[in-house]
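Remember, it's a predicted structure, so these values are computed and weren't measured experimentally. Side-chain atoms are counted along with the backbone in the values below, which use heavy atoms only and exclude waters and symmetry mates. One-based numbering along the sequence shown.
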Amino acid sequence: MALRRSGERTHPVKIVKEESNRKIAHLLPRMSNKFYLTTPIYYVNARPHIGTTYTTVVADVIARRKRGLGEDTFFLTGTDEHGQKIQRSAEKANCSPQEFTDQVSAQFRALWDRMGLTYDDFIRTTEPRHKRGVAKLFTLLKDRGYIYKGSYTGQYCVSDEAFVDVPPGAPCPDCGRITETVNEENYFFKLSAFERTLLEYYDAHPEFIRPETRRNEVISFVKAGLKDLSVSRTSVKWGIPVPGDEKHVIYVWMEALANYITAIGYGSDDPADKANFERYWPADLHIVGKEITRFHCVYWPAILMAAGLPLPKSVVAHGWLLFEESKMSKSRGNIVRAETILDVLGADALRYFLLREIVFGQDGSFSFDALVQRYNSDLANGYGNLVSRTLTMIGKYFDGVVPEAVGIQADSMATEAPNAIAAVTRSLDSLDFSRALEGAWAIVAAVDGYLTASAPWKQPESISEEQQRAFRATVLYTAAESIRIITALVYPVIPDAAAKVWTQLGLGDIHKADLKNLTWGGLEPGTKLGEIGPVFPRAEKDAITRMQEIEQSNAPSESKVPVIAPMPVEGTNTVALPAPAEMAGLAVAAGDESAPPSIAASPAASPDPVTALGSDKITIDDFLKVELRVAQIKVAERVPKADKLLRLEVDLGYEQRQILAGIAESYTAESLVGRKVVIVANLAPRKLRGLESNGMIVAASLEGDKPVLAGFLEDVEIGARLK
């Protein structure tokens with residue numbers, strides 16, 4: 001980071017030295033019988049989608065489980081509403097920043113409420129309680145000598161609201177967008193004073209950062225050296241003013257992180273708020289996306305250390321939710337709304353898919369096909385069918401009253417139950433949700449197989465009617481009690497369905513049930529079943545199409561594809577690449593049969609070179625907007641009923657994505673697998689023949705000939721950016 005600082009430094013050297021040597025014991029979190037967990041606060045520059053839903057659902061699952069175990073649980077979520085992006089977005093929307101944030105924040109809250117998420121508080125950073133707490137924290141840090149005034153000259157990424165160490169005009173290393181040069185007076189936080197202390201804390205508390213990959217990344221970042229952090233801006237007006245120096249607003253990351261304490265009473269003089277803060281801080285668990293791990297595991301603990309406050313017990317970072325192998329984001333245009341899935345399959349279907357399909361902490365992939373397949377196989381045909389067939393038979397053979405089990409079958413299931421319960425419980429406790437659900441559905445499959453093998457609906461001639469009734473009673477009690485245990489275990493994940501099943505079992509309201517210490521035999525014989533009804537009706541054949549159509553109807557209209565004339569270079573025609581703003585919707589290689597004729601390299605007569613180059617020259621800033629990267633083709637196949645089109649899956653190192661390219665007349669699909677190519681990585685997605693293309697393969701055409709892929713003689717690392 002290119003920094004030039006001037007002005008008086010108010011931090012005493014003595015304090016900084018003492019800080020680097022302070023004892024780790026002073027930073028240990030206080031112990032209590034509560035559980036306080038948080039999601040990130042979501043930035044209101046875009047509507048909520050299933051990526052943000054995933055994080056909040058995970059927190060809700062944990063909160064429901066903790067409450068079910070009898071723990072005093074506080075679950076916080078909210079929205080981050082200040083910063084330059086919001087200021088500019090409001091200007092484009094022709095409204096005030098407050099009006100803009102009110103609208104988008106309401107969308108988040110409405111979705112969480114529709115999904116029945118059990119958050120205890122929803123913090124908005126535009127609320128007075130937050131502003132008050134942030135002002136107090138800033139003043140405290142300044143008084144303690146950890147904030148001083150200076151000046152900054154360097155690059156700033158508006159999209160990430162972050163200062164970055166790149167040359168002027170270069171893109172942000174994280175998001176790839178062009179940075180802006182900033183030269184302004186700032187306040188700085190003395191982050192460099194905490195380098196040693198942070199490393200000591202990480203070493204003493206390996207559980208502080210999870211998973212291990214994120215922990216290693218953070219440690220490497222800190223070991224590389226920490227620089228003081230800019231914590232105010234003068235060029236931005238939409239934010240919380242610095243106390244006593246209101247031409248500055250407090251930098252969004254320092255301000256946003258403070259929500260975890262301002263929401264529970266920090267900064268308030270009210271005795272009840274103070275007691276609430278003492279009760280719940282430190283947080284037991286911050287759940288964050290992996291892209292913001294550094295802010296939560298470096299900046300946030302350093303700020304707390306400087307303020308003399310305990311550190312959160314653990315920060316757990318999950319991976320990205322990918323849609324057709326690309327991270328969901330507004331800029332890529334591949335956002336999937338949770339409402340679409342709620343409309344067609346319901347909240348439990350989405351919750352189950354996200355927790356079962358994705359190993360928590362790793363990247364996971366979402367598609368409508370996978371969602372419907374998982375819904376039908378696990379929920380409709382698995383758990384839902386088991387409940388239906390079991391309770392229907394109890395209704396038929398025992399007038400809807402749970403029978404009493406006798407015989408060896410019940411004894412064997414009772415023996416196996418504790419191990420199955422313990423395995424699922426261990427996985428839930430370690431946040432390994434996918435394995436927990438895999439274990440629960442192994443019980444579903446075992447009970448389903450037990451029912452099929454036992455066939456209680458049959459009446460063998462070799463036994464008496466009384467013996468058959470006793471046999472049926474044993475089999476059906478065993479199945480019903482297994483359903484009770486499965487339902488109690490999976491209640492945090494599929495709460496609506498679990499509540500229905502609990503009621504159908506005649507057990508009342510599961511939300512009020514004691515789900516601790518699950519043991520075999522909790523379903524009392526003689527219990528009258530409730531009204532039996534479908535839990536997970538099988539998804540109709542058109543479910544995927546319906547969801548796709550809903551998404552398309554809610555997607556913003558694509559920009560018109562521009563006319564791009566070929567630009568001659570030494571006797572060849574190549575596609576001239578416009579700035580990204582002009583390329584909205586263009587996601588195909590030269591020669592794609594479904595692209596407008598002017599996009600593909602054409603054998604038409606070349607325009608006059610002097611005229612073409614004179615009128616179509618671009619600046620270096622224009623060129624830097626085009627993100628060219630090296631990718632390796634992993635999968636290649638023909639698109640049905642398309643003579644020129646290939647479907648490619650390419651690896652960029654940091655993600656995989658699908659691209660459609662009109663090169664089938666030049667290359668066989670088999671010959672492309674493993675080949676390194678150049679792609680335009682920052683194109684808006686576009687649908688061709690019902691498939692989405694996320695990027696463009698760079699190719700050229702000899703005049704009157706077929707497209708030829710750009711490539712490399714040297715071994716170039718995939719993901720490398722061409723400059």
Side-chain angles (χ1 to χ4, degrees), residues 68 348 352 356 377-405 409-425 428 436-457 471-511 513-538:
D348 278 358
Y352 179 80
R356 175 64 180 88
S377 63
D378 290 13
L379 298 179
N381 297 340
Y383 177 65
N385 184 59
L386 174 62
V387 171
S388 178
R389 69 193 299 214
T390 299
L391 301 190
T392 298
M393 282 191 284
I394 291 176
K396 179 178 180 180
Y397 297 118
F398 297 96
D399 297 322
V401 176
V402 176
E404 184 174 1
Q409 290 95 337
D411 292 338
S412 63
M413 292 294 287
T415 301
E416 296 170 7
N419 290 334
I421 294 169
V424 174
T425 299
L428 288 172
L437 293 175
E438 183 180 3
W441 258 255
I443 306 174
V444 170
V447 179
D448 203 42
Y450 166 72
L451 272 179
T452 300
S454 301
W457 53 87
F471 176 73
R472 280 177 176 157
T474 296
V475 172
L476 293 178
Y477 176 84
T478 300
E481 171 61 355
S482 299
I483 289 171
R484 183 189 73 87
I485 288 174
I486 294 165
T487 302
L489 289 171
V490 303
Y491 158 70
V493 178
I494 49 173
D496 292 344
K500 290 179 183 178
V501 173
W502 207 254
T503 301
Q504 291 182 28
L505 284 169
L507 298 175
D509 186 354
I510 194 172
H511 306 299
D514 183 1
L515 303 180
K516 303 188 296 295
N517 304 318
L518 281 175
T519 56
W520 185 266
L523 180 60
E524 293 288 339
T527 300
K528 178 67 176 176
L529 297 183
E531 183 178 350
I532 299 172
V535 180
F536 288 109
R538 184 172 174 81

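Contacts of Lys528 classified as side chain to side chain contact (heavy atoms under 4.5 Å, CB included), with partners at least two apart in sequence or in another chain: Val401. The side chain to side chain contact (heavy atoms under 4.5 Å, CB included) check on Ser377 picks up nothing, with sequence neighbours excluded. Looking at residues two or more places apart in sequence or on another chain, you find no side chain to side chain contact (heavy atoms under 4.5 Å, CB included) involving Thr503. Under the rule for a side chain to side chain contact (heavy atoms under 4.5 Å, CB included), Pro418 has no partner lying at least two apart in sequence or in another chain. Every residue two or more places apart in sequence or in another chain was checked for a side-chain hydrogen bond (donor to acceptor under 3.5 Å, both in side chains) with Asp496, and none qualifies. By the side-chain hydrogen bond (donor to acceptor under 3.5 Å, both in side chains) test, Arg356 is found to be paired with Ser434, residues two or more places apart in sequence or in another chain being considered. Applying the side-chain hydrogen bond (donor to acceptor under 3.5 Å, both in side chains) criterion to Tyr352, with sequence neighbours excluded, gives Asp378.
At a threshold of 4.5 Å between non-hydrogen side-chain atoms, the residues Val475 and Met393 do not count as touching. Contact annotation: the side chain of Val493 never approaches that of Asp348 to less than 4.5 Å [non-hydrogen atoms, C-beta and beyond]. Looking at Leu451 and Thr478, their side chains never come closer than 4.5 Å, going by heavy atoms from C-beta outward. Using a 4.5 Å heavy-atom cutoff, the side chains of His511 and Tyr491 are in contact. The shortest side-chain heavy-atom distance between Trp441 and Leu379 falls under the 4.5 Å cut-off. Between Val444 and Ile486, the closest side-chain pair of non-hydrogen atoms falls below 4.5 Å.
For Gln504 (side chain) and Gly533 (main-chain N/O), a donor-acceptor pair under 3.5 Å exists by modelled atom type. Judged by distance alone, with hydrogens and angles left aside, the side-chain atoms of Glu481 form a donor-acceptor pair with the main-chain N or O of Gly521 at under 3.5 Å.
Minimum heavy-atom separation, Pro403 to Pro525: O-CB, 3.8 Å. Nearest approach of Asp514 to Gly68, heavy atoms of both residues: OD1-O, 4.5 Å. Val424 approaches Ala440 most closely through the heavy-atom pair CG2-N, 3.7 Å. In terms of heavy atoms, Trp502 sits closest to Ala513 at NE1-CB, 3.9 Å.
Between the CD1 atom in Ile443 and the CD1 atom in Ile421 there is a gap of 7.0 Å [rounded to 0.5 Å]. Here the CD1 atom belonging to Ile485 is positioned 12.0 Å from the CG atom belonging to Leu515, to the nearest 0.5 angstrom. Remark: Thr425 OG1 to Lys516 NZ distance equals 13.5 Å, nearest 0.5 Å. One distance of note links OG1 of Thr392 with OH of Tyr397; it measures 11.0 Å at 0.5 Å rounding. Distance check: Trp520 CH2 to Glu416 CD gives 9.0 Å after rounding to the nearest 0.5 Å. Summarising the geometry, atom CZ belonging to Arg484 is positioned 7.0 Å from atom OH belonging to Tyr477; distances are rounded to the nearest 0.5 Å.
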List the steps, then state whether side chain to side chain contact (heavy atoms under 4.5 Å, CB included) holds for Leu476 with Val402. CA-CA 8 Å; Leu476 293 178; Val402 176; over 6 Å; no
Chi angles and distances behind the side chain to side chain contact (heavy atoms under 4.5 Å, CB included) call for Trp457, Lys396: CA-CA 10 Å; Trp457 53 87; Lys396 179 178 180 180; 6.0 Å; no
Kindly list each side-chain donor-acceptor pair under 3.5 angstrom involving residues 380-391, sequence neighbours excluded, with atom names and distances?
| unit_1 | atom_1 | unit_2 | atom_2 | d |
| --- | --- | --- | --- | --- |
| Asn381 | OD1 | Arg538 | NH1 | 3.4 |
| Asn381 | ND2 | Asn376 | O | 3.2 |
| Tyr383 | OH | Thr487 | OG1 | 2.7 |
| Arg389 | NH1 | Asp448 | OD1 | 2.6 |
| Thr390 | OG1 | Leu386 | O | 2.8 |

